[in-house]
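The block underneath contains the structure these notes are about, expressed in structure tokens.
Values below: all heavy atoms of this structure, side chains included; hydrogens, waters and symmetry mates excluded. Residue numbering restarts at 1 for every chain, and letters A, B, ... go by the order of the sequence lines. Quick caveat: nothing in here was measured; it's all calculated off a predicted structure.
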There are 2 protein chains.
Amino acid sequence: MQVQRHSKQRDAILENLCSRYDHPTAEDLYFSLKPRIPALSLATVYRNLAQLEGDGKIIKIGSGGTARYDGNINLHYHLTCLDCGGVFDIFLDTDCGLCKEASKAFDGRILSHSVLFTGYCPSCSKQVG
Amino acid sequence: MQVQRHSKQRDAILENLCSRYDHPTAEDLYFSLKPRIPALSLATVYRNLAQLEGDGKIIKIGSGGTARYDGNINLHYHLTCLDCGGVFDIFLDTDCGLCKEASKAFDGRILSHSVLFTGYCPSCSKQVG
DNA sequence: TCGCTAACGATAATCGTTATCGTTAGCGTT
DNA sequence: AACGCTAACGATAACGATTATCGTTAGCGA
């Protein structure tokens with residue numbers, strides 16, 4: 001079996017991602033860490049993001065084009081702002097029993113789900129009116 | 001203003017997409033139509049899919065990697081099978097008031113939403129057990 | 001300290017999608 | 001029915017995000 005080794009790069013990536021709430025892209029994380037770790041490679045960022053996602057320590061948000069990442073693994077939803085392009089968290093008290101409802105309606109096995117809202121974020125919806 | 005002209009290619013793409021339920025990729029549609037329209041270009045497929053989506057006649061499913069398309073524009077959800085990679089429809093009677101709940105919890109404007117379930121499709125979930 | 005190899009950095013390759021550009025064909029007007 | 005305008009086309013180059021390759025580095029158990 002393959003033993004996973006510890007790495008400073010992965011620590012830094014996870015720590016950086018968990019300390020922010022803007023759902024950065026791989027490149028965002030790369031430029032954010034580059035000053036602290038000058039030798040860092042973009043490939044390393046991608047590699048570790050994939051590994052962390054596989055370990056269930058982060059979430060990948062496949063919002064169409066460029067992938068974004070989220071260090072908050074508690075169930076919550078996202079909204080993509082049509083104006084500024086940002087991704088924002090939406091926390092719902094009730095999960096609306098979505099998986100339960102879907103399991104009733106679908107003859108397969110449902111493991112998880114993600115919800116992506118589209119609209120305007122607080123500041124952009126104020127600007128337009 | 002720009003007047004939209006009629007085109008045989010767009011007709012064929014829309015018709016093909018609406019007659020199937022497997023959520024094909026742009027390339028799937030291209031190869032499906034190529035025998036009937038030998039001169040068809042993949043760029044034309046992408047162009048028309050984008051236009052049809054903009055006109056609200058089809059839906060684009062941004063399931064992470066390659067985009068898939070759906071000719072059914074009635075609100076419903078999708079499941080990606082972890083085993084075979086296929087995308088399947090999930091119709092819920094109740095929409096669970098998702099947009100309403102989210103609007104209460106989010107200080108912006110919510111226009112639409114999409115839900116993507118992950119799990120195993122009927123046939124794959126039977127094979128594994 | 002040694003040896004194995006997971007993880008790294010640099011960079012080439014891949015792949016889905018979009019942009020460019022010369023040509024074709026809808027369609028309103030003569 | 002021919003004319004002219006330009007949307008849409010087909011072919012292909014370009015792009016951008018992601019992944020693969022490969023020689024080097026560095027965890028970590030012996």
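Within the helix from C/dT1-D/dA30 to C/dT30-D/dA1, the inter-axis angle between the opening and closing five-pair segments is 30°, rounded to 10°.
Taking the side-chain contact (heavy atoms from CB on, under 4.5 Å) definition, one finds that A/Ile73 meets it with A/Ile59, sequence neighbours left out. By the side-chain contact (heavy atoms from CB on, under 4.5 Å) test, B/Ala102 is found to be paired with A/Ile90, A/Leu92, A/Phe117, B/Ile110, residues two or more places apart in sequence or in another chain being considered. The salt bridge (Lys or Arg N to Asp or Glu O under 4.0 Å) check on A/Asp107 picks up B/Lys126, with sequence neighbours excluded. Scanning for side-chain contact (heavy atoms from CB on, under 4.5 Å) contacts around B/Arg47 gives B/Ala43, B/Thr44, with sequence neighbours left out. Residues that satisfy the side-chain contact (heavy atoms from CB on, under 4.5 Å) test with B/Cys84, not counting sequence neighbours, are B/Cys81, B/Phe88, B/Cys121, B/Cys124. Every residue was checked against the salt bridge (Lys or Arg N to Asp or Glu O under 4.0 Å) condition with A/Lys34, not counting sequence neighbours, and none meets it.
Rounded to a whole Å, the CD1 atom of B/Ile37 is 16 Å from the P atom of D/dA8. Spacing between atom CD of A/Gln51 and atom P of C/dC8 amounts to 7 Å, rounded to whole angstrom units. Protein atom OH of B/Tyr30 is 16 Å distant from nucleotide atom C1' of C/dC15, rounded to whole Å. The distance between atom CG of B/Asp11 and atom C1' of C/dG26, rounded to the nearest whole Å, is 12 Å. Regarding B/Ile61, its CD1 atom lies at a distance of 13 Å from the P atom of C/dT17, rounded to whole Å. Atom CG in A/Leu49 sits roughly 14 Å away from atom P in C/dA7 (whole-Å rounding).
Contact between the side-chain N/O atoms of A/Gln2 and the OP1/OP2 oxygens of C/dT5 is not found at any separation under 4.0 Å. For D/dG10, the OP1/OP2 oxygens have a side-chain nitrogen or oxygen of B/Thr44 closer than 4.0 Å.
Listed by first and then second residue, the ring pair (Phe, Tyr, Trp, His ring centres under 6.0 Å) pairs that reach into residues 28-61 of chain A come to none, sequence neighbours excluded. Pairs passing the salt bridge (Lys or Arg N to Asp or Glu O under 4.0 Å) check and including a residue from residues 22-33 of chain A, sequence neighbours excluded, read A/Arg20-A/Asp22.
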Task: Summary of protein contacts for nucleotides 18-30 of chain D, nucleotide by nucleotide, where a base hit scores B, a sugar-phosphate-only hit scores S (4.0 Å, heavy atoms) - done: BBBB----BBS--

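Using modelled atom types, no side-chain atom of B/His76 and backbone atom of B/Asp89 make a donor-acceptor pair closer than 3.5 Å.
At a non-hydrogen distance threshold of 4.0 Å, nothing from residues 13-22 of chain A comes into contact with DNA chain C.
In this structure, B/Ile37 and B/Lys8 have side chains that are not in contact, with every pair of non-hydrogen atoms separated by 4.5 Å or more.
Counting Ile, Leu, Val, Met, Phe, Trp and Tyr side chains that sit under 4.5 Å apart, directly or through other members, A/Phe91 stands alone, with no cluster partners.
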